[in-house]
Amino acid sequence: SLKCILIMNRQGNLIYFPLYHSFLFSHGLFFVVMVIRWEEERYTDGSKWRFLEHKGPVFAPPYEPLPGNVKFYYDGKPMKLSALAEEVATFFAKMLDHEYTTKDIFRKNFFKDWRKEMTSEEKSKITDLNKCNFSEMNEYFKAQSEARKQMSKEEKQKIKEENERLLQEYGFCIMDNHKERIGNFRIEPPGLFRGRGDHPKMGMLKRRIRPEDIIINCSKDSKHPKPPPGTKWKEVRHDNKVTWLASWTENIQGSIKYIMLNPSSRIKGEKDWQKYETARRLKKCVDRIRNQYRDDWKSKEMRIRQRAVALYFIDKLALRAGNEKEEGETADTVGCCSLRVEHIKLYPKMDDQEYVVEFDFLGKDSIRYYNKIPVEKRVFKNLQLFLENKQPEDDLFDRLNTSILNKHLQELMDGLTAKVFRTYNASITLQQQLKELTSDDSIPAKILSYNRANRAVAILCNHQRAPPKTFEKSMQNLQTKIDEKQNQLSAARKQLKAAKADHKASHDEKSKKAVEVKRKAVQRIEEQLMKLQVQATDREENKQIALGTSKLNYLDPRISVAWCKKYGIPIEKIYNKTQREKFAWAIDMAEKDYEF
DNA sequence: ATGGAGACTTGACGTTAAAGCG
DNA sequence: CGCTTTAACGTCAAGTCTCCAT
């Protein structure tokens, strides 16, 4: 469970380095001063750090006006736009190929916000978006991106180096003696807001963020970041009860955006670890809680029965809590507590099953949740009751919201909230599935089992993805490869047979060697074929399922680390570099017998 | 209770860099 | 080695949950 080492560089400065930076040893420039364990540095007073120093954010590059020959046309006539109006126009022009720009709400919102940026002459002239012709601008940007692709190696290298320099200068901060990677040190550039699903605000102008909008957070005794020449920060504060380095208010929803540390940082890692520890505590008392809510289905009080049924859904189906949302501000999506009558259908009998509930609603990111499940009679009867005398658009759980539910959960277990059930059920499912599925086969087969276990979780959590545009083609390609490999295999087998016959006839050393060579070749091709087949299966099963989210947010990484250790699978096969950095704590901690 | 601000996690997706292939 | 394909990475929207004022 070693976390990091304290080292001294040639200037005599002490620096903490996470253990995965161990390549530094090879330079031989450092002295190890001290070894720090994971557990040894948490504050108990609610403060998140003692020292915080950073360089501030990187701003979006300023607008570059279009060259004179690229024109905007209104009502068929060329028209030179003021810089501000032109900039906003380019945002739209860049998206011309996108479906968004055909949507009514998008166009309406865009046009309204665009007009706000126009001069009064422009405003009086440009009154109809349908008369605007952005196609020349669109062509220009397409040509630009084409040119970028065609750049020479040297030019590309130069850009890469510049990015690297920016990363080195602005991408890190010092928090309590650790040099930490910042997650998002670049300020979001201006553009048109693209909401997901049927978003009422799609197309609105997301305005440019200036230094005057930024609140800087750092420690008093640090070197404060300097605003760009001629500008000022909105504020510099020293709040060590929060983890962010900078923040600003975004103009679409009026919400606050933050610059925070990378998932590999101490502060994020510890929080993540804590999250899984809470889920493990739930494991210890989940039976009690389940018995409790089953009892509550019989309660005399409506609010308690609603609470109990909702909790049952959250537990069984891994639904999200479902906070209320302000109507008209966001897309119409729901979670458990905000389910409406129109989102479920009850079937006393369906095929050979009794008491079936059909769910059909849009969840987070407007991803559809569709599921039919048989439930217990009591739940079914309760649901019928909840639906009585209600309109489709009425709340299913009218006596419940997330705050009531979470207050109840808090009483059942310290730190328990609705989302802990998702974490708990995801992690426990992975552990069970790994136990069930892991074969004593080859490494690729084991990894397929792992992916299948991961997939079971992704299905539980409804993590979907649009099938990749190139999916069909890439499946075909893979199939072609498999066919070829099969041909190769039969050819190799024939050759082996021939070699064997040859050896039988001559019994000399040379032919014996030839048999061995052919045998190895067959074996090698068999392995390659198997690998390809496994790959094809994996990919087909994964067509509409996204594994990433559950892997990154719901699965206790120690389960995976332990599994790797137990079966001798290199951790690199399961976690890529970024993931290994994020889960460094788990990789250090977990042994092969770890139990979630 | 209710509402809103604030902080932080979770989520899908587009772009880019790296892997894989002939 | 140069091209294509794939996975990693970054982006930023959209959730959850806490806290505090009313």
Side-chain angles (χ1 to χ4, degrees), chain A residues 46 48 98 145 148-149 153 156 159-160 163 167 171 182-189 191 193-197 199 201-202 206 215 217 239 241-244 247 249-250 252-263 267-268 271-272 274-275 314 319-326 329-331 333-338 362-367 401-407 409-410 415-423 426 458 461-466 468-471 473-474 477-478 481 484 535 539 544-554 575-582:
Chain A
K48 308 288 173 69
H98 205 289
S145 78
R148 223 170 305 132
K149 272 184 218 155
K153 253 189 192 157
K156 281 185 181 166
I159 292 174
K160 205 175 161 187
N163 276 333
L167 172 69
I182 299 171
N184 55 330
F185 58 95
R186 286 169 200 275
I187 299 276
E188 295 172 17
F193 176 77
R194 307 147 85 125
R196 302 210 248 267
H199 198 116
K201 300 200 168 183
M202 63 167 77
K206 211 171 84 164
I215 301 173
N217 194 31
D239 181 358
K241 297 282 192 280
V242 298
T243 67
W244 52 268
S247 75
T249 302
E250 154 270 342
I252 304 288
Q253 327 262 5
S255 62
I256 307 168
K257 297 239 173 175
Y258 302 93
I259 288 183
M260 288 185 189
L261 297 193
N262 186 277
I267 205 140
K268 295 286 187 191
K271 201 72 192 297
D272 210 33
Q274 236 181 68
K275 175 180 79 185
I314 284 172
L319 300 190
R320 294 187 187 83
N323 284 307
E324 301 99 298
K325 313 200 321 179
E326 231 180 306
E329 293 294 299
T330 59
T333 63
V334 297
C336 186
C337 294
S338 50
L362 295 183
K364 182 174 178 183
D365 290 319
S366 294
I367 296 291
N401 62 37
T402 54
S403 145
I404 297 173
L405 179 64
N406 280 335
K407 242 175 230 147
L409 293 176
Q410 190 58 240
L416 187 61
T417 61
K419 85 187 183 86
V420 179
F421 282 88
R422 245 166 110 79
T423 313
C461 294
N462 199 39
H463 290 141
Q464 300 188 27
R465 61 167 184 174
K469 286 184 192 81
T470 53
F471 186 83
K473 205 177 119 216
S474 89
N477 288 349
L478 198 53
K481 266 193 221 164
E484 276 170 18
Q535 208 185 347
R539 194 178 297 174
Q544 302 191 61
I545 297 162
L547 299 186
T549 302
S550 51
K551 201 176 195 176
L552 237 48
N553 298 303
Y554 289 105
Y575 290 137
N576 66 34
K577 182 167 148 282
T578 319
Q579 295 169 156
R580 290 198 300 276
E581 281 168 10
K582 166 165 177 165

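As a basis for the values below, the full set of heavy atoms in this structure was taken, side chains included, without hydrogen atoms, waters or symmetry mates. Keep in mind the model is a prediction, meaning the values are calculated, not measured. A, B, ... follow the sequence lines: proteins, then strands. Residue 1 opens every chain.
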Mind checking if Pro189(A) touches a base, just sugar-phosphate, or nothing, with heavy atoms under 4.0 Å?
sugar-phosphate
Side chain of Lys419(A) - closest among dA12(B), dA14(C), dT9(B)
dT9(B)
Determine yes or no for a side-chain-to-main-chain donor-acceptor pair under 3.5 angstrom, with Lys275(A) supplying the side chain and Asn553(A) the backbone.
yes
Closer than 3.5 angstrom, by distance alone: can the side chain of Asn184(A) be matched with the main-chain N or O of Tyr258(A) as a donor-acceptor pair?
yes
Just by modelled atom types, is the Ala546(A) backbone N or O under 3.5 Å from a matching donor or acceptor in the Gln464(A) side chain?
no
May I ask you to verify if any side-chain N or O of His199(A) is less than 4.0 angstrom from the OP1 or OP2 atom of dA13(C)?
no
By the 4.0 Å heavy-atom rule, please label Gly183(A) as base, sugar-phosphate, or nothing.
nothing
Nearest to the side chain of Arg422(A) - dG11(B), dT10(B), dA7(B)?
dG11(B)
Just checking Gln253(A): base, sugar-phosphate only, or nothing, at a heavy-atom cut-off of under 4.0 Å?
sugar-phosphate
Hey, is the side chain of Lys257(A) poking within less than 4.0 Å of OP1 or OP2 on dT11(C), counting only N and O atoms?
no
Sugar-phosphate only, base, or nothing, as touched by Ser403(A) at under 4.0 Å among non-hydrogen atoms
nothing
Applying a 4.0 Å non-hydrogen cut-off, can you work out what Tyr258(A) is touching in the nucleic acid: base, sugar-phosphate, or nothing?
base
Do the side chain of Asn401(A) and the main chain of Ser403(A) share a donor and acceptor less than 3.5 angstrom apart?
yes
Counting only distance, no hydrogens or angles, is the base of dT10(B) paired donor-acceptor with the side chain of Lys364(A) under 3.5 Å?
yes
Identify whether any heavy atom of Gly254(A) sits under 4.0 Å from a base atom; if not, whether one sits that close to sugar-phosphate; answer base, sugar-phosphate or nothing.
nothing
DNA chain C: 5'-proximal contact among Asn576(A) and Arg196(A) (nearest heavy atom):
Asn576(A)
Please tell me which of Thr243(A) and Lys407(A) maps to the more 5' nucleotide of DNA chain B, matching each residue to the nucleotide holding its nearest heavy atom.
Lys407(A)
To the nearest angstrom, how far is Leu167(A) atom CG from dA17(B) atom P?
13 Å
Taking the side chain of Val242(A) as heavy atoms from C-beta outward, which of dT16(C), dC8(B), dA13(C) is closest to it?
dC8(B)
Looking at Glu250(A) and Ser255(A), would you say the former's side chain and the latter's main chain have a donor-acceptor pair under 3.5 Å?
yes
Closest nucleotide of DNA chain B for Asn163(A) versus for Glu324(A): which of these residues is on the 5' side?
Glu324(A)
Counting only side-chain heavy atoms from C-beta out, which of dG15(C), dT9(B), dT18(C) sits nearest to Lys268(A)?
dT9(B)
If you check every side-chain atom of Arg465(A), which of dT11(C), dG11(B), dC13(B) has the closest atom?
dC13(B)
Using a cut-off of 4.0 Å on non-hydrogen atoms, how would the nucleic acid contact of Arg320(A) be classed: base, sugar-phosphate, or nothing?
sugar-phosphate
When we call it a touch if two heavy atoms are under 4.0 Å apart, what does Glu250(A) touch: a base, just sugar-phosphate, or nothing?
nothing
Within the structure shown, what part of the strands sits under 4.0 Å from Ala331(A) by heavy-atom distance: base, sugar-phosphate, or nothing?
nothing
Of the nucleotides dC8(B), dG11(B), dT16(C), which one has an atom closest to the side chain of Thr549(A)?
dG11(B)
Closest of dT18(C), dC17(C), dC8(B) to the Gln410(A) side chain is dT18(C)
From CA spacing to verdict: side-chain hydrogen bond (donor to acceptor under 3.5 Å, both in side chains), Lys325(A), Ser338(A):
CA-CA 9 Å; Lys325(A) 313 200 321 179; Ser338(A) 50; over 6 Å; no
Does OP1 or OP2 of dC17(C) have a side-chain N or O of Asn406(A) closer than 4.0 Å?
yes
Phosphate-side-chain proximity, Lys325(A) and dG15(C), N/O vs OP1/OP2 below 4.0 Å:
yes
Between dG6(B), dA18(B), dA13(C), which nucleotide gets closest to the side-chain atoms of Lys160(A)?
dA18(B)
Tell me what Asn323(A) touches on the nucleic acid: a base, only sugar-phosphate, or nothing, going by heavy atoms under 4.0 Å.
base
Short side-chain to backbone donor-acceptor contact, Lys582(A) and Leu552(A), under 3.5 Å
yes
Closest-nucleotide mapping onto DNA chain C: is Thr330(A) or Lys577(A) further toward the 5' terminus? I mean the 5' end.
Lys577(A)
Assign Lys206(A) to base, sugar-phosphate, or nothing according to its heavy-atom contacts below 4.0 angstrom with the strands shown.
sugar-phosphate
Please determine whether a side-chain nitrogen or oxygen atom of Lys275(A) lies at a distance below 4.0 Å from atom OP1 or OP2 of dT10(B).
yes
